[in-house]
Amino acid sequence: MCGIVGYVGPKATVDVLIGGLRRLEYRGYDSAGIAVISAGHLEMRKKSGKLVNLEAEIAAHPLPESHIGIGHTRWATHGAPTDGNAHPHLGGPAHKLALIHNGIIENFAELKAELLAEGTRFASETDTEVAAHLIAREYEQTHDLFAAFSSVMNRLHGAFTILVVHQDQPDVVLAARRNAPLVIGLGTGENFLGSDVAAFVEHTKRAVSVGQDEIVVLRADSVELFGFDGTPVAYTEFEVDWDASAASKGGWPSFMAKEIADQPQAIADTLMGRVRPDGHVVLDDIKQISTQQINDIERIIIVACGTASYAGDVAKYAIEKWARIPVQVELSHEFRYRSPIVTPNTLVIAISQSGETMDTLMAVRYAQELGAKVFAICNTQGATLARESDAVIYTHAGPEVAVASTKALTAQITAGYMLALVLAEARGALDEAHLTALGQELLHLPKKVSEVLENISQASDLGTAHANAKSVLFLGRNVGFPVAMEGALKLKEIAYIHAEGFAAGELKHGPIALIEEGQPVIVMVPSPDDVDSLHPKVISNIQEIRARGAKVIAIAEEGDGTVGNYAEAVIYVPKTDAIMAAVLCVIPLQAFALALSTAKGLDVDQPRNLAKSVTVE
Ligand code: M6R
C-alpha cells in the first residue's frame, strides 16, 4: 500500500525521492507526489496514475534544487485516485506545511468537523488532509513544530505513518508511526525515511526500525526518536542484508519471472546454516525456547493471509505428521475477530513475507493479549511482525517485488518444514533415522527446484495456450490441497479469471457440478509410492471429472507410469518426500499463471486493485 520516502542531505532531493518511490512501486499505488523546500519555500508536485505521470509533471514544471523533501505513492482508501487526493497535502491557509500519510485516520470525520466549523477549506476528500491542517494550525499558535506535530499525533486514531515538512523549519523532517511501517536509513551527512528499506537501500544499508507510537526528528546530521509523550527513545541499528540489485529485474521481463527463477537460491539461503549435513535441523532463531516449553505446547495456531496462509496449511501437514502437535490454520482477520481459545500452552505462528500485514499484526497482538507465545516466519528484517514476536525465523528469499508472492511462499514452506523437524526432535516424535532422512531431503530441495525450473517451459506453454480460458479449477489432496488453492489465487490475482482450488475428495460434495465440456482442471497427483494410498484416489477423481468433459493437466512425480493415461498433459516434478512435494508442485502453477497473464497482455507485477503489502485492516 502507500509508499513513503523522506530525505535530508546534500544530494539532489527530487532524484532521491523519485528513486525511492520507484523502489516502493511494488507496494501498489494509484497516484504519486513529492514536496521539497527550497530557499524557504515549499513546492509540491503530484499526479494521479503511475510515477511516469509525476515525472512528466516535474519535467513540465521543474522543481528547484533542494536538500529536504518527502515523497509518496498513494493506494486510495478515502477519496478516488485523483490529482487532488494524491499526497502530499498542504496545511494551513498559507500552505507552508506538506504532509504524507500511509494508513487510515479513523476519527478524521470528527476532526474535519472541528476544522470546518473554524472555516478551514479542504482541497481533497481524504482523511489525511485533516492532519495537515491541524498541525499547521497548532504551529501558527506556538511556532514549535515538534510540539504541534506530537500534539496532533496524540489526537489521531487508527493507523498512520505520517511525514511532515514545514517551510519555516527547512532543515527537519518529522515523522510518526502507529500501526504502519516506517524505517530510518542512516547515512553520512544525510538521512532517509522509508516505508521499507527498499526506499533507500541504494544509498545506505544502515537502518533503524521505528517502534510503535514513536516520533522521528530527522536532520542531515542527526536522528532523534521520541515517544508520543515526548520522552526520548533509544534506538539500535541493523544492517540491511540485501543490496539494491536484488530488487531489480536483472534482465527478466518481470519481477515475477525473476522471483520464480530465484527460488532455488531463496530456499538454499533459507536453509543455510540451519540444517547440518547429518540432517539435524538447528534453529538458533528459537533457541530461547526450551525443550520443556516445546514439550508443553498443546496446540499450534498459524495465522496468516493469502499466499502466506497456504504456506501455513502446508506447515500444518508437516507439523502434525512429524511432530504430532495439533495445528489449526486461521486467516488472521478471522482469528482476530472471533473468540479463539488460546491458552498459555498455545503456540501462535504468524507467517508474513512483509511482516507489515495489518491483519496479521492485529492477530498477533490479540494472541499475545491472550497469553500466547508468538513465533514469526518473516522475510523482512526490522519489520513490525519481527519486532513484536517472541522469536523470528527469517526466510532469506531476498526482496520480493512482484505483488504475486512466489519465492516468499516456497521459502515460508521451507521454514515451516524446518520448524516441524525441530519440534519433532524436541518431542521425540520421530525416530532418529526418519528425522535425519527428512532433514537431508530438505537439503536436496534447492536442486530439485532447479530441475523443475529447467523444464518450466511446458507449464508456461500451457499457460499461454489457456489465455482465453474463462475459468480454471485446481484439485489436490493432502498438501496438494493448499497448493491447488495457491494455484487458483495466482490466476485470480494476475490473470483476472475465475479460478478455484478444491480438496479433490470434496468434489462429489458439490464442486463437480462446475465441470462441463472443456473445463480446464489442474490436478496435483501424489506419488504412486504414497503410503496413504492417495494416488489411486486422485486418479479416480481425475476419471470422474474427465467423464464429465474436463481437460486435465496433471502435476505428477517423475516415474509415475499411470497418470499419463488419464490426463491431456502431465508436468513431471522430481521425487521427494510426500509433504515436501508441495514446494515442487507449486512452481509450475506459478509459471502457468505468469504465462497466461502475459498472454493476456496484463501487468503481471502490479495487478489491478492490489497492493503488495496490505497495511490497513
Ligand atoms: O506480506 P504477507 O505475506 O503478510 O502478505 C500476505 C498476503 O497479502 C499475500 O500473500 C498475498 O496473498 C499475495 N499477493 C499473494 O500472491
Do the side chains of Leu42 and Val36 get nearer than 4.5 Å, heavy atoms only? no

Honestly, is Arg177 close enough over Phe160, meaning NZ or CZ under 6.0 Å from the six-membered ring centre and within 45° of the axis? no

Do Phe238 and Val208 have side chains that approach each other closer than 4.5 Å (heavy atoms only, starting at C-beta)? no

Assess whether atom CZ of Arg338 is packed by more than 12 heavy atoms of other residues, nucleotides or ligands within 6.0 Å. yes

Are more than 12 heavy atoms from other residues, nucleotides or ligands located less than 6.0 Å from atom NZ of Lys316? yes

Residues in ring-ring contact (aromatic ring centres under 6.0 Å, His included) contact with His72, at least two apart in sequence or another chain: His87

Flag this pair as yes if the NZ/CZ of Arg336 is under 6.0 angstrom from the six-membered ring centre of Tyr366 and inside a 45 degree cone about the axis; otherwise no. yes

Between Phe192 and His203, what is the ring plane arrangement, given parallel below 30°, perpendicular above 60°, and tilted in between? parallel

Would you say the side chain of Asn102 lies within less than 4.5 Å of the side chain of Pro181, judging by non-hydrogen atoms? yes

If you look at every heavy atom in Ser195 and Val183, which pair is closest and at what distance? O-CG2, 4.0 Å

When you compare the side chain of Glu43 with that of Ser38, does any pair of heavy atoms fall below 4.5 Å? no

Ile302 versus Gln328: any side-chain heavy-atom pair under 4.5 Å? no

Mind checking the CG-OG1 spacing from Leu182 to Thr161? Nearest 0.5 Å is all I need. 5.0 Å

Decide yes or no on salt bridge (Lys or Arg N to Asp or Glu O under 4.0 Å) for Arg22 and Glu55, but give the supporting numbers first. CA-CA 11 Å; Arg22 186 157 311 291; Glu55 289 175 295; 2.5 Å; yes

Tabulate below the donor-acceptor pairs under 3.5 Å that side-chain atoms of residues 215-223 make, not counting sequence neighbours, or state none.
{"residue": "Arg219", "atom": "NE", "partner": "Asp171", "partner atom": "OD2", "Å": "3.1"}

Residue pairs fulfilling ring pair (Phe, Tyr, Trp, His ring centres under 6.0 Å) with at least one residue in residues 205-230, sequence neighbours excluded: Phe146-Phe226

Could you list the residues that satisfy salt bridge (Lys or Arg N to Asp or Glu O under 4.0 Å) with Arg137, not counting sequence neighbours? Glu114, Glu118

Compare all side-chain heavy atoms of Ile34 with those of Lys46 and state whether any distance is below 4.5 angstrom. no

Are Tyr337 and His333, when compared by the centres of their aromatic rings, separated by less than 6.0 Å? no

Just do the side chain to side chain donor-acceptor pair (under 3.5 Å) check on Glu214 and Tyr235 with the steps written out, would you? CA-CA 11 Å; Glu214 287 179 5; Tyr235 59 81; over 6 Å; no

How many angstroms lie between atom CG of Leu97 and atom CD of Glu138, to the nearest 0.5 angstrom? 12.0 Å

Partners passing side chain to side chain donor-acceptor pair (under 3.5 Å) against Gln606 (at least two apart in sequence or in another chain): Lys50

Does Arg365 form a salt bridge (Lys or Arg N to Asp or Glu O under 4.0 Å) with Glu369? I'd like the steps, not just the answer. CA-CA 6 Å; Arg365 289 173 192 159; Glu369 274 169 32; over 6 Å; no

Side-chain heavy atoms of Ile184 within contact of Val210, under 4.5 Å: yes

Do you know the tightest heavy-atom contact between Ala199 and Ile4? CB-O, 4.3 Å

Taking side chain to side chain donor-acceptor pair (under 3.5 Å) as the test, write out the residues that go with Thr236, two or more places apart. none

Is Val403 close to Pro607 at the side-chain level, that is, under 4.5 Å between some pair of heavy atoms? yes

More than 12 heavy atoms of other residues, nucleotides or ligands under 6.0 Å from NE2 of His41: is that the case? no

